[in-house]
Amino acid sequence: MAKTSELKTSEESIQVKFVKEEDAITMITREDFKKELKRLLIPQPHPFYLVFYG
């Protein structure tokens with residue numbers, strides 16, 4: 001969950017934006033990242049949430 005609604009780029013990102021979960025999956029080109037995101041979206045408690053930019 002985002003801490004604020006204000007997004008900022010960093011040294012590691014060119015562009016940042018909020019997207020729907022299903023859109024994020026289609027935006028990811030690496031299969032291992034896609035698999036990890038799908039695993040994290042299973043409704044169960046997780047200690048963290050990964051955010052992918054790109």
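The model shown is predicted, which means the values in this text are computed figures rather than measured ones. For reference, positions follow the sequence shown, starting with 1.
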Would Lys8 and Glu6 count as a salt bridge (Lys or Arg N to Asp or Glu O under 4.0 Å) here? Give the steps. CA-CA 7 Å; Lys8 294 182 182 181; Glu6 184 179 341; 3.7 Å; yes

Is there a donor-acceptor contact under 3.5 Å from the side chain of Ser10 to the main chain of Glu12? yes

Do you reckon Val16 sits in the same ILVMFWY cluster as Phe18, going by side-chain contacts under 4.5 Å, direct or chained? yes

Could you give the side-chain donor-acceptor pairs of residues 24-35 under 3.5 Å, partners two or more places apart or in another chain?
{"unit_1": "Thr26", "atom_1": "OG1", "unit_2": "Asp23", "atom_2": "O", "d": "2.8"}
{"unit_1": "Arg30", "atom_1": "NE", "unit_2": "Asp32", "atom_2": "OD1", "d": "3.1"}
{"unit_1": "Arg30", "atom_1": "NH2", "unit_2": "Asp32", "atom_2": "OD2", "d": "2.7"}
{"unit_1": "Lys34", "atom_1": "NZ", "unit_2": "Ile28", "atom_2": "O", "d": "3.3"}

